[in-house]
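As structure tokens, the structure follows; a few thoughts come after it.
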Amino acid sequence: MTTPSTPTATDRIPTPKSPPPDILRCAYMELVVTDLAVSRDFYVDVLGLVVTEEDENTVYLRSFEEFIHHNLVLRQGEVAAVAAFSYRVRSPQELDVAVAFYEELGCRVERRTEGFTTGIGDSVRVQDPLGFPYEFFFDARHVERLAWRYDLQGPGALVRLDHFNQVTPDVPKAVAFMEDLGFRVTEDIQDQAGTTYAAWMRRKPTVHDTAMTGGDGPRMHHVAFATHEKHNILAICDKLGALRRSDHIERGPGRHGVSNAFYLYLRDPDGHRVEIYTQDYYTGDPDNPVVTWDVHDNQRRDWWGNPVVPSWYTDASLVLDLDGNPQPVLERTDASEMAQTIGADGFSYTREGEAETELPAWKQGEYKLGHQL
């Protein structure tokens, strides 16, 4: 781990003269699912999210510590995709700021005083320059915060929406734009040539509200919910096993090097990836240092050095434009992280400076694609 300079953006998106909206936190995601009943079963009966409201086409869900109407919207549709990455801003006036910021960039902007989803008031949705559908809002209907309702909470209770993770073909370009939007980098992954493979960015004082991961995009890599402690994640694994639904587990449980958090990755019935996440760290000081990981360090993605399944690098969800159509997926031109770490010329080290031949014999080759299948 080192602390490098900020990555250089290629083909940088112009910085607007208009200021960015003052974003508080990631607030909710709107997911399109192809079978609402099956998805409801997964998120409510298996993962334990709370139903705030529902009808024949939509289910509004929240975590146990949330006081606004929802953190996740499941909407019935023909194509599984993400309709909105939604952020709460500091005041109603910040919506005017968001409109000016994105209109200066020439982005498509829509505003609805009645909101785009039940429980959310005056809102702005944009198709950002990277191709992602973003929403900004302040007004929200308050509901009962269930933090004290231990009688309702299972051993794997999901308490907060923690972050999004987005897949984009040009990570430096995405990072520079998100910095213009007011986000700060906390951690990233680079190689010695300066290629940036992923970056974690925050508004609230944690490791991230969103991350930009290099790959074909724009797509959604995952949405993450937090638990209080790692034993809550283990309880979710036990529950999935007891229900004979362990096939929903894609990766983990484990501990990340990046973020230091304990994690579990699941795939919902449509293949949308959900991370269960806990125990990252505070980043709110203005001089909080950026942590950079070497792309060849096998402890960056899993602190215990476990290999990453190939689907985690390749699979992601489509995102929609403001008309509800899937956005075209553009190919990444920089080297892929998977190719660097498990390709023919790649290797992973535990101690920086070690050559592949210095790894224990039983460890050599563990990170090659063929040995993972």
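Using a 4.0 Å cut-off between charged side-chain N and carboxylate O, D41 and R245 make a salt bridge. A salt bridge is absent between E135 and R111; no separation between the charged side-chain nitrogens and carboxylate oxygens falls under 4.0 Å. Salt-bridge formation is not detected for the pair K17/E104: no Lys NZ or Arg NE/NH1/NH2 atom is positioned less than 4.0 Å from an Asp or Glu carboxylate oxygen. Contact check on D151 versus R149 returns a salt bridge, with a Lys/Arg side-chain nitrogen under 4.0 Å from an Asp/Glu carboxylate oxygen. With salt bridges taken as basic N to acidic carboxylate O contacts below 4.0 Å, one links R12 and D180. In summary, D22 and R203 engage in a salt bridge, as defined by a charged side-chain N under 4.0 Å from a carboxylate O. A salt bridge links K204 and D209; the closest N-O separation between the charged side-chain nitrogens and carboxylate oxygens is under 4.0 Å. A salt bridge does not link R202 with E187: none of the charged nitrogens is closer than 4.0 Å to a carboxylate oxygen.
Sorted by first then second residue, the ring-ring contact (aromatic ring centres under 6.0 Å, His included) pairs that include residues 44-64, not counting sequence neighbours, are Y60-H69, Y60-H70.
Between L330 and D216, every side-chain heavy-atom pair lies at or beyond the 4.5 Å cut-off. Looking at C26 and F85, their side chains never come closer than 4.5 Å, going by heavy atoms from C-beta outward. Using a 4.5 Å heavy-atom cutoff, the side chains of L130 and I13 are in contact. Counting only heavy atoms from C-beta outward, the side chains of R75 and N57 never approach each other to under 4.5 Å. Between Y197 and R332 the shortest side-chain heavy-atom distance falls below 4.5 Å.
In this structure, CG on L158 lies 11.0 Å from CD on E65, to the nearest 0.5 angstrom. The OG1 atom of T118 lies 5.5 Å from the CD atom of E53; values are rounded to the nearest 0.5 Å. The distance from the CD atom of E229 to the CG atom of L234 is 11.0 Å, given to the nearest 0.5 Å. Interatomic distance, Y43 OH to L31 CG, rounded to the nearest 0.5 Å: 5.0 Å.
The shortest heavy-atom contact between V171 and M212 is CG1-O, 4.1 Å. The two residues L61 and L74 make their nearest non-hydrogen contact at CD1-CD1, 3.9 Å.
Between Y277 and F225, a ring centre-to-centre spacing not shorter than 6.0 Å is recorded. Here the two rings, on Y134 and Y87, have centers that are under 6.0 Å apart. In this structure, Y263 has its ring center at least 6.0 angstrom away from the ring center of H222.
S63 and N71 share a donor-acceptor pair across their side chains, judged by distance under 3.5 Å alone. With hydrogens and angles left out, the side-chain atoms of T292 and D188 include a donor and acceptor closer than 3.5 Å. Side-chain contact, Q166 with T168: no donor N or O sits under 3.5 Å from an acceptor N or O. Between the side chains of H221 and E275, not a single donor N or O lies within less than 3.5 Å of an accepting N or O. Counted by atom type alone, Y102 and D128 present zero donor-acceptor pairs between their side chains at under 3.5 Å. Checking R255 against Q279 by side-chain atom types alone, a donor-acceptor pair falls below 3.5 Å. In the model, S259 has no side-chain atom that pairs as donor or acceptor with a side-chain atom of D280 under 3.5 Å.
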| query | After noting the C-alpha distance and the side-chain angles of S317 and R219, does the key distance pass the side-chain hydrogen bond (donor to acceptor under 3.5 Å, both in side chains) rule? | reply | CA-CA 5 Å; S317 298; R219 295 184 295 165; over 6 Å; no
Practice problem: Check the pair T278, N232 against side-chain contact (heavy atoms from CB on, under 4.5 Å), reporting the backbone distance first and the verdict last. | Solution: CA-CA 9 Å; T278 192; N232 304 119; 6.0 Å; no
Report task. Applying side-chain contact (heavy atoms from CB on, under 4.5 Å), run through R184 and M178 and close with a yes or a no. Result -> CA-CA 8 Å; R184 293 183 59 184; M178 295 299 285; over 6 Å; no
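Taking E250 as the reference, R267, R273 meet the salt bridge (Lys or Arg N to Asp or Glu O under 4.0 Å) condition, with sequence neighbours excluded.
For the pair R88 and F138, the cation-pi criterion (under 6.0 Å, within 45° of the ring axis) is fulfilled.
Residue V79 shares its hydrophobic cluster (ILVMFWY side chains chained together at separations under 4.5 Å) with L318, V329.
Below 30°, between 30° and 60°, or above 60°: for W200 and H208 the angle between ring planes is above 60°, a perpendicular geometry.
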